[in-house]
Amino acid sequence: MITGKNYIGNKLSATGSVSHRTFNPKLNIENDCDFFEATLEEVEEAVELANKAFKEYRNISGAKRAEFLNAIADEILALGDELTQMYTSESGLPEGRANGERGRTVFQLRAFAELVSNEGWRENVIDTADAQREPAPKPDLRKTNIPLGPVVVFAASNFPLAFSTAGGDTASALAAGCPVIVKSHSMHAGTGELVASAIIKAAEKTGMPNGVFSNIAGSGRVVGAALVKHPNVKAVGFTGSIAGGRALFNLAAEREEPIPVFAEMGSINPVVVTPAAIAARATEIADTYAGSITMGTGQFCTNPGLILTIDGEDTRDFIKDLAEKTTAIAPQCMLHPNIKRDFVKNGASVSSQSGVEVVAAVSEEIEPNYAPTQISAVSGTDFLTNPKMHQEVFGPFSLVVRSKDEAELIEIIDSLEGQLTGTILAEESDYKNLGGVVDALQNRVGRIILNGVPTGVEVAPSMTHGGPYPASSDSRFSAVGINSIKRWVRPFSYQNWPNELLPDALKNENPDGIYRLVNSKQSNTNI
Ligand code: NAP
């Protein structure tokens, strides 16, 4: 049952008087629960509880944290249809997507549970002492990774489950041993409260300290900023706009003790299509990309927003076909009226720049929060001279650039801001000549795809979901996959520490038989 209250640790709380409602974009009406925004006193209480919980939680065994994460997954599944209905009513996304995203959320939680069920994930390193070393004896040094402290997670609008309350940021931070305070997304506060109730139930059932998790509603500029500025908060996870992510990054940097902000922000995910690929399979590419551009109403961070081609007659025919096929797909509902407003505004801003031609756009009367899909095109020279065309248009929109030759195409890639993905559509005959494009893309993106689509992010250890700024605020980390846990830990070394006082993962006898780097060699035996 939805209450509209915040979870301050295990307690439901609503001491403030400011409230908001979520919105059903399909029906174009407000949903009927009032969500009470947290007061600054409630923020303080949540952080204090998290700080206190950290002292206990950081020392709870990996096996117990795994039990907690698996229990969260079980409780989310136990929410059943109530969660699906809430999700669809607050996002306009279909039931199939809700259930798919729930599956991914549960999978992520269980993957982190498995990861931390032994201590191998901490990348333990042992360099044993050498008293005879000249000119000075070598000390015994043993390194592991330890949790940073309470983490604030900003839920993302476009993934109400998998990148929100119990999404990848929360799951990885809890797995690492960090308590989490979620700044709920105002557009799906009901979904957030249901998932938060599952986390609290799991925490109580598995005996986790009160404060290991809180869920807070409120404005980003007030509640979100207060959380990021709080001295007892030690890191931030964010998915959303460049403006929002950058504002929080700046706040964190201005603190007396600056803290890391792992923000995943805008990306237009360039796709390079070679002339040979157009000659061989223009129709197939147009079909596939019409689907990719409109998938999820284009509201994916990996949506292909920029298609780079080399000009020619075949290319012009391909662009026309792609535009017709993309705009022939029935318009779909967007997440919220504000996302639709920004989509229309940003699409118009790009398409009104000098030299840009709207190749095809949905022009018929559509439902209020549905997206008018649009494909525009421009020459490489115009694109290069006008950075306004490089901005993300979040929704079913792509700008196709016609470069005069490969050199100009590479210059365009070099001019782009950092991106999550880069894609190349090429024939085998192209492969030996792709070096320049591959090098340029590798310098600008976090993941490169050959003959596929950028939409669809596999949750796997080998996935990089990040990239140079502004795709993410720190390109050394991924926001997806088990390695995302590394965002919430720091290395810590023990020097000349008695064996019996070391954590099990660093003890000579290696009781759990985990792999460690011992004197520069991987080993899972005792010393
Ligand atoms: P958003 O506006 O960046 O908001 C995300 C969260 O950050 C919200 O909780 C918001 O609080 C908070 N926030 C925003 N600006 C802030 C500020 N200056 N100070 C403190 N907190 C702030 O993103 P959104 O609502 O999810 O979607 C809006 C746009 O973001 C989309 O149209 C799209 O362009 C972009 N987006 C990009 C991606 C991506 O992966 N590339 C994903 C989702 C969205 P409030 O609740 O007060 O707004």
Side-chain angles (χ1 to χ4, degrees), residues 18-23 25 35 37-38 43 90-91 93 152-160 162-165 167-169 181-189 192 215-230 233 236-252 254 261-269 296-306 334-347 349-350 369 371 391-397 417-421 446 454-455 457 465-467 469-473 478-480:
V18 182
S19 67
H20 70 267
R21 289 183 169 205
T22 61
F23 195 84
F35 291 93
E37 302 194 358
V43 169
E90 291 187 325
S91 67
L93 295 168
V152 168
V153 169
F154 285 77
S157 60
N158 61 337
F159 275 91
F163 276 94
S164 286
T165 322
D169 286 349
I181 302 166
V182 168
K183 203 304 250 167
S184 173
H185 201 288
S186 48
M187 293 183 200
H188 53 252
N215 182 58
I216 289 184
S219 124
R221 283 172 184 77
V222 180
V223 165
L227 283 167
V228 172
K229 287 198 284 194
H230 198 291
V233 167
V236 178
F238 171 93
T239 306
S241 65
I242 296 177
R246 185 62 203 231
L248 296 170
F249 182 90
N250 289 348
L251 273 183
E254 282 161 9
V261 174
F262 298 100
E264 192 218 309
M265 302 169 284
S267 189
I268 52 175
N269 305 298
T297 326
Q299 301 163 122
F300 285 129
C301 42
T302 50
N303 203 53
L306 182 68
M334 298 203 85
L335 291 160
H336 193 270
N338 294 348
I339 299 257
K340 156 93 183 264
R341 180 202 60 207
D342 290 350
F343 172 64
V344 172
K345 187 178 86 190
N346 295 334
S349 158
V350 170
N369 302 306
Q391 69 173 298
E392 181 182 46
V393 181
F394 194 67
F397 173 92
E417 293 185 302
Q419 306 291 331
L420 290 171
T421 71
T455 38
V457 179
H465 191 66
Y469 183 87
S472 55
S473 55
S478 172
V480 170

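Atoms within a ligand are numbered from 1 in the order they appear, just like the ligands themselves. Basis for what follows: all heavy atoms, side chains included, without hydrogens, waters or symmetry-related copies.
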*Side-chain contact test, heavy atoms from C-beta onward, threshold under 4.5 Å: evaluate it for Thr22 versus Phe35 and give yes or no.*
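Yes. Closest side-chain heavy atoms under 4.5 Å.
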*Contact check, side chains of Pro337 and Met187, non-hydrogen atoms, under 4.5 Å*: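 Result no, sub-4.5 Å side-chain heavy-atom pair not found.
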*If you look at every heavy atom in Ser267 and Thr421, which pair is closest and at what distance?*
OG-N, 4.3 Å
*For residues Phe394 and Phe343, report the shortest heavy-atom separation together with the two atoms involved.*
O-CD1, 3.4 Å
Exercise answer, ligand 1 polar atom pairs (N/O) under 3.5 angstrom:
residue  : atom   : partner : partner atom : Å
ligand 1 : 3 (O)  : Ser241  : N            : 2.8
ligand 1 : 3 (O)  : Ser241  : OG           : 2.5
ligand 1 : 9 (O)  : Lys183  : NZ           : 2.9
ligand 1 : 11 (O) : Lys183  : NZ           : 3.4
ligand 1 : 11 (O) : Gly220  : N            : 3.4
ligand 1 : 21 (N) : Gly220  : O            : 3.4
ligand 1 : 25 (O) : His185  : NE2          : 3.1
ligand 1 : 26 (O) : Ser157  : OG           : 2.6
ligand 1 : 26 (O) : His185  : NE2          : 3.3
ligand 1 : 30 (O) : Ser241  : N            : 3.3
ligand 1 : 40 (O) : Glu264  : OE2          : 3.3
ligand 1 : 41 (N) : Met265  : O            : 2.6
ligand 1 : 41 (N) : Glu392  : OE2          : 3.4
ligand 1 : 46 (O) : Lys183  : NZ           : 2.9
ligand 1 : 46 (O) : Ser186  : OG           : 3.3
ligand 1 : 47 (O) : Gly220  : N            : 2.7

_Non-neighbouring partners of Thr297 that pass side-chain hydrogen bond (donor to acceptor under 3.5 Å, both in side chains), sequence neighbours left out_ =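 Once residues adjacent in sequence are excluded, Thr297 has no partner under the side-chain hydrogen bond (donor to acceptor under 3.5 Å, both in side chains) criterion.
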*Would you check if there is a donor-acceptor pair between the side chains of Ser164 and His188 at a distance under 3.5 Å?*
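Result is yes, a qualifying pair exists.
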